[in-house]
Amino acid sequence: MELSTVFMYLGFTLSAYSVVGNDTIQTLGTFLSSNERKKWWVLWLFAASILTVTLLYGYYTSGGDVSYGRLEKYKLPDPFSWYYVLPPIILMILTRTGIPVSTSFLILTFFNNKNLTDMVLKSVTGYAVAFGAAIVLYLIISKSLEKKFIENPITYKEGQVWNTLQWCSTGFLWSQWLIQDFANIYVYLPRSLNVWQLLFSLAVILIMLAVIIAAKGGAIQSIVRSKTNTVDIRAATLIDFSYGIILFYFKELNNVPMSTTWVFIGILAGREIALNFVLRRNSARKAMFIGLGKDLIKVLIGLVVSIALVYLVKFVATM
């Protein structure tokens with residue numbers, strides 16, 4: 001096997017672990033929080049089945065391109081140099097710190113920095129739309145639903161209904177997120193996969209997913225747990241459904257890759273502000289804004305660090 005091919009598959013494997021470890025919690029975070037009592041492998045089987053169906057659907061409908069056309073402007077390097085392996089390694093290190101780094105910026109920009117402006121614009125727009133939509137939605141439903149959720153523990157009968165609704169909303173959200181983020185992983189493989197590459201890549205991603213779910217989400221999960229009542233299955237269902245609708249909108253808008261991290265943080269921020277004002281938590285308002293500010297600073301740091309590292313590594317590699 002040529003060294004270039006080794007770097008290609010190594011880059012894919014590292015990217016799969018990095019992307020799944022950093023980004024999966026955006027979609028499965030509330031799901032994991034509200035289903036902590038269930039066996040991890042049950043949650044994995046659910047997520048793995050949807051991932052498999054989404055991947056195979058893209059493969060058969062797009063002529064072997066599982067990225068759903070999002071890699072059209074990202075050519076596969078030839079030869080595949082060693083420094084292409086560095087972005088996922090850097091992402092793994094940053095993920096350990098709990099910083100929600102955008103894999104789209106860090107990895108895809110490394111392959112083609114000409115599309116950076118379009119990605120940033122779409123991602124910032126995604127944050128704004130998610131933030132605004134979450135505020136409007138939760139101002140409307142906070143008194144009638146969220147306040148009830150907080151003050152009244154869920155009954156067994158209600159739990160059965162909401163459990164079904166949450167698994168459905170999570171499945172919808174998970175599939176929309178995968179369509180967006182498959183590009184961040186499969187940028188390391190040929191744009192049209194053969195059967196063996198498909199099976200190998202699917203096996204790698206499913207293994208990485210099992211590791212992350214067994215570890216209960218890792219460092220990024222702390223952002224989810226810090227928000228009001230996210231462990232309540234009813235609240236988690238509403239978050240997942242809202243997030244899924246917004247990702248679906250941007251998926252249909254165009255095939256420019258975007259940072260789903262920004263959309264995720266936007267939804268949590270808008271929800272937290274609406275709940276705080278409706279529930280009249282004046283004493284906790286300052287702490288809330290400080291917390292939300294820290295979340296926004298983290299994604300901004302992730303953006304700056306991602307772009308800076310891309311250019312730094314490229315500069316060093318070409319010396």
Side-chain angles (χ1 to χ4, degrees), residues 1-26 66-67 70-120 123 178 180-191 193 197 200-205 207-209 211-212 215 218-220 256-262 297-319:
M1 183 180 292
E2 295 181 359
L3 195 57
S4 177
T5 304
V6 173
F7 288 138
M8 182 179 74
Y9 283 105
L10 178 60
F12 169 80
T13 303
L14 292 174
S15 181
Y17 179 76
S18 301
V19 172
V20 171
N22 185 76
D23 283 9
T24 293
I25 301 309
Q26 300 168 21
V66 298
S67 74
R70 283 170 172 72
L71 292 176
E72 288 181 356
K73 298 181 180 180
Y74 298 85
K75 294 182 180 180
L76 191 70
D78 185 21
F80 219 106
S81 302
W82 64 270
Y83 51 80
Y84 282 96
V85 179
L86 294 178
I89 295 177
I90 295 171
L91 182 59
M92 281 193 292
I93 296 173
L94 293 177
T95 298
R96 294 289 181 180
T97 68
I99 297 176
V101 184
S102 169
T103 56
S104 298
F105 294 137
L106 182 55
I107 293 180
L108 293 183
T109 302
F110 198 81
F111 283 80
N112 185 352
N113 55 19
K114 294 180 180 179
N115 295 319
L116 176 60
T117 301
D118 290 339
M119 277 201 297
V120 171
S123 300
L178 288 169
Q180 288 284 351
D181 271 37
F182 271 150
N184 300 337
I185 303 175
Y186 281 93
V187 69
Y188 281 92
L189 294 183
R191 302 300 171 253
L193 305 177
Q197 289 169 332
F200 165 78
S201 62
L202 178 59
V204 169
I205 296 175
I207 291 172
M208 301 306 177
L209 182 63
V211 172
I212 296 302
I220 303 298
V256 174
M258 70 179 296
S259 171
T260 53
T261 302
W262 284 67
I297 289 173
K298 283 183 177 181
V299 294
L300 287 172
I301 291 175
L303 171 61
V304 173
V305 170
S306 299
I307 296 174
L309 286 174
V310 166
Y311 285 98
L312 177 61
V313 172
K314 280 197 168 186
F315 174 75
V316 173
T318 53
M319 289 181 63

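Below, all heavy atoms of this structure are taken into account, side chains as well, without hydrogens, waters or symmetry copies.
Two rings, from Tyr188 and Phe111, have their centers less than 6.0 Å apart.
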> side-chain contact (heavy atoms from CB on, under 4.5 Å) between Phe200 and Thr13: does it pass, once the steps are laid out?
Replying inline: CA-CA 10 Å; Phe200 165 78; Thr13 303; 4.2 Å; yes
> Can you list the steps and then say if Trp82 with Val6 is a side-chain contact (heavy atoms from CB on, under 4.5 Å)?
Replying inline: CA-CA 9 Å; Trp82 64 270; Val6 173; over 6 Å; no
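Side-chain contact between Tyr84 and Ile107: absent, with no pair of heavy atoms (C-beta onward) separated by less than 4.5 Å.
Nearest approach of Ser123 to Trp262, heavy atoms of both residues: O-CB, 3.7 Å. Summarising the geometry of Leu71 relative to Leu108, their closest heavy-atom pair is CD2-CD2, 4.0 Å, with the distance given to 0.1 Å. Across all their heavy atoms, Ser15 and Ile185 have their closest contact at OG-CA, 3.7 Å.
Every side chain to side chain contact (heavy atoms under 4.5 Å, CB included) that Leu14 has, sequence neighbours left out, goes to Leu10, Val85, Pro88, Ile89, Met92. For Phe12, the ring-ring contact (aromatic ring centres under 6.0 Å, His included) test picks out Tyr186, with sequence neighbours left out. Listed by chain and residue number, Asp65 satisfy the side-chain hydrogen bond (donor to acceptor under 3.5 Å, both in side chains) test with Ser67 (two or more places apart in sequence, or in another chain). When the side chain to side chain contact (heavy atoms under 4.5 Å, CB included) test is applied to Lys73, the partners found at least two apart in sequence or on another chain are Asn112, Asn115. When the side chain to side chain contact (heavy atoms under 4.5 Å, CB included) test is applied to Leu76, the partners found at least two apart in sequence or on another chain are Met8, Phe80, Pro190, Arg191. With sequence neighbours excluded, the residues forming a side chain to side chain contact (heavy atoms under 4.5 Å, CB included) with Pro79 are Ser4, listed by chain and number.
Atom CG of Leu189 sits about 6.0 Å away from atom OH of Tyr9, to the nearest 0.5 Å. Here Ile207 contributes atom CD1 and Ile212 contributes atom CD1; the two are 13.0 Å apart, rounded to the nearest 0.5 Å. The CE atom of Met119 sits 3.5 Å away from the OG1 atom of Thr109 when rounded to the nearest 0.5 Å.
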